[in-house]
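Encoded as structure tokens, the structure appears first; notes follow it.
The analysis underlying the following values was restricted to heavy atoms, covering all of them including side chains, and did not include hydrogens, waters or symmetry mates. Everything numeric in this text was worked out from a predicted model, so none of it was measured. Whatever order the structure lists them in is the order used to number ligands and atoms, beginning at 1.
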Amino acid sequence: MSIRIAPSILAADFAALGSSIAAAERGGADLIHVDVMDGHFVPNLTVGPPVVRSLARVTSVPIDVHLMIENPERFIPSFAESGAALISVHVEVVRHLNHTISLIKELGLKAGVALNPSTPIGSLEEVAADVDYVLVMTVNPGFGGQTYIGRSTSKVRAMRALLDRVGNPAPIEVDGGIDEQTIADVVVAGADWIVAGSSVFHRKDPEAAVRTLRAAAEAAATRRPHVIPGRREA
Ligand code: DX5
Ligand code: ZN
């Protein structure tokens with residue numbers, strides 16, 4: 001599974017999003033992660049489809065929209081229309097998850113399901129075969145700059161085992177508190193896509209920061225234990 005680095009614009013200067021994204025792009029960003037918050041599901045507010053539309057105009061990097069909102073079905077079509085390439089929804093707020101995943105796919109986008117730190121991986125059991133990616137939150141959603149929750153490492157390992165068991169090679173995305181230090185363990189555990197806010201945009205040189213994270217992730221990926229697809233983890 002190839003490593004993808006997804007800088008999160010939440011940590012960027014919102015008055016200079018275009019140049020922030022351009023720097024991340026020069027550093028080799030694979031995805032641009034956009035955190036959408038509604039003040040209900042999480043205690044914070046951020047951006048909506050108009051911002052995604054503007055970003056899509058200035059970047060060729062796929063836009064990865066992380067919906068931390070209630071009733072995400074209501075807004076999925078407008079994010080798709082605005083130029084999102086991937087959309088993840090939180091399992092904690094979606095009533096008919098199978099339907100929501102189908103909706104995102106029917107619009108031609110990649111469908112992801114996100115889990116809060118306290119949400120058990122078993123909540124994904126019945127849709128594990130259908131998802132294009134799984135987003136394992138490694139902090140409680142709502143804010144950038146938080147500390148990586150250590151237990152997430154074993155959760156990523158268990159999530160990989162679940163996906164392997166159902167024969168789905170879908171990548172695991174991790175989000176929250178990932179930096180040069182925390183990246184190695186989570187990649188060895190099975191994370192493929194790395195969201196990074198503070199560790200990219202709060203660095204002096206975001207372009208170099210993306211390269212540093214990629215190098216660390218790729219080195220860690222070579223230390224993953226060999227996984228036999230379809231085999232249950234011991
Ligand atoms: C938190 C967001 C994250 C956030 C990560 O709710 O989902 O994407 O931007 O920020 P850092 O990398 O600073 O923890
Ligand atoms: Zn996010």
Side-chain angles (χ1 to χ4, degrees), residues 3-14 17 20-21 23-24 27 29-48 51-52 55 61-70 72 75-76 79 84-93 104 109-119 132-153 155-156 171-187 191-204 206 209-210 212-214 216-217:
I3 296 293
R4 289 195 187 182
I5 306 293
S8 163
I9 63 160
L10 190 62
D13 176 358
F14 273 58
L17 280 183
S20 300
I21 286 178
D30 301 285
L31 301 169
I32 299 296
H33 187 84
V34 177
D35 290 300
V36 177
M37 305 186 187
D38 65 353
H40 294 277
F41 176 57
V42 289
N44 201 0
L45 285 167
T46 55
V47 299
V51 173
V52 171
L55 296 180
V61 177
I63 297 178
D64 165 30
V65 172
H66 176 192
L67 293 182
M68 286 160 276
I69 62 175
E70 289 176 4
F75 297 98
I76 286 167
F79 279 105
L86 308 93
I87 293 182
S88 57
V89 294
H90 268 264
V91 62
E92 299 85 4
V93 294
I104 297 171
L109 280 71
K110 297 283 182 214
V113 175
L115 284 84
N116 282 342
S118 64
T119 302
D132 290 317
Y133 62 105
V134 174
L135 198 176
V136 174
M137 286 305 300
T138 46
V139 298
N140 289 295
F143 302 92
Q146 302 181 75
T147 304
Y148 178 85
I149 296 173
R151 215 190 123 66
S152 313
T153 311
K155 187 173 181 181
V156 167
I172 295 177
E173 181 172 40
V174 284
D175 185 3
I178 310 288
D179 61 18
E180 304 80 347
Q181 272 72 50
T182 51
I183 200 168
D185 284 355
V186 81
V187 167
D192 308 289
W193 296 359
I194 313 298
V195 177
S198 312
S199 62
V200 170
F201 293 114
H202 289 177
R203 299 291 187 260
K204 272 204 191 87
V210 175
T212 303
L213 289 172
R214 178 187 303 288

Is a donor on one side and an acceptor on the other found under 3.5 Å between the side chain of [X] and the backbone of [Y]?
X	Y	result
Q146	N140	yes
E92	T119	no
T138	Y148	no

Quiz prompt | Contact with ligand 1 for V139, non-hydrogen, under 4.0 angstrom | solution = no
Self-check item: Heavy atom of G145, distance to ligand 1 below 4.0 Å
Solution: yes
Quiz item: So, H66 and D64: side-chain donor and acceptor under 3.5 Å apart, yes or no?
Solution: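 Side-chain D/A pair, H66 to D64: absent.
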Quiz prompt | Modelled atom types, side-chain donor and acceptor of S20 and D13, under 3.5 Å | solution = no
Which heavy atom of the protein is the closest neighbour of [atom], given with residue, atom name and distance?
atom	result
atom 1 (C) of ligand 1	F143 O, 3.5 Å
atom 5 (C) of ligand 1	D175 OD1, 3.5 Å
atom 12 (O) of ligand 1	G197 N, 2.8 Å
atom 10 (O) of ligand 1	G144 CA, 3.5 Å
atom 6 (O) of ligand 1	G142 N, 2.7 Å
atom 9 (O) of ligand 1	S8 OG, 2.8 Å
atom 14 (O) of ligand 1	G177 N, 2.8 Å
atom 13 (O) of ligand 1	S198 OG, 2.5 Å

Ligand-residue contact atoms, ligand 1 with [X], heavy atoms, under 4.0 Å:
X	result
M37	6 (O)
H66	7 (O)
M68	6 (O), 7 (O)
V195	8 (O)
P141	6 (O)
H33	8 (O)

Quiz item: Can you name the N/O/S atom of H33 that is nearest the Zn ion (ligand 2)?
Solution: NE2
Exercise. State the atom name: nearest N, O or S atom of D35 to the Zn ion (ligand 2).
Key: OD1
Quiz item: Angle class for the H90/F41 ring planes (parallel below 30°, perpendicular above 60°, tilted otherwise)?
Solution: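 Geometry flag for F41 against H90: tilted rings.
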Compare all side-chain heavy atoms of [X] with those of [Y] and state whether any distance is below 4.5 angstrom.
X	Y	result
L109	D132	no
V186	S152	no
K155	T153	no
V65	F75	no
D175	D35	yes

Quiz item: Where the Zn ion (ligand 2) is the corner point, what angle links OD2 of D175 with ND1 of H66, to 10°?
Solution: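 Rounded to 10°, it measures 90°.
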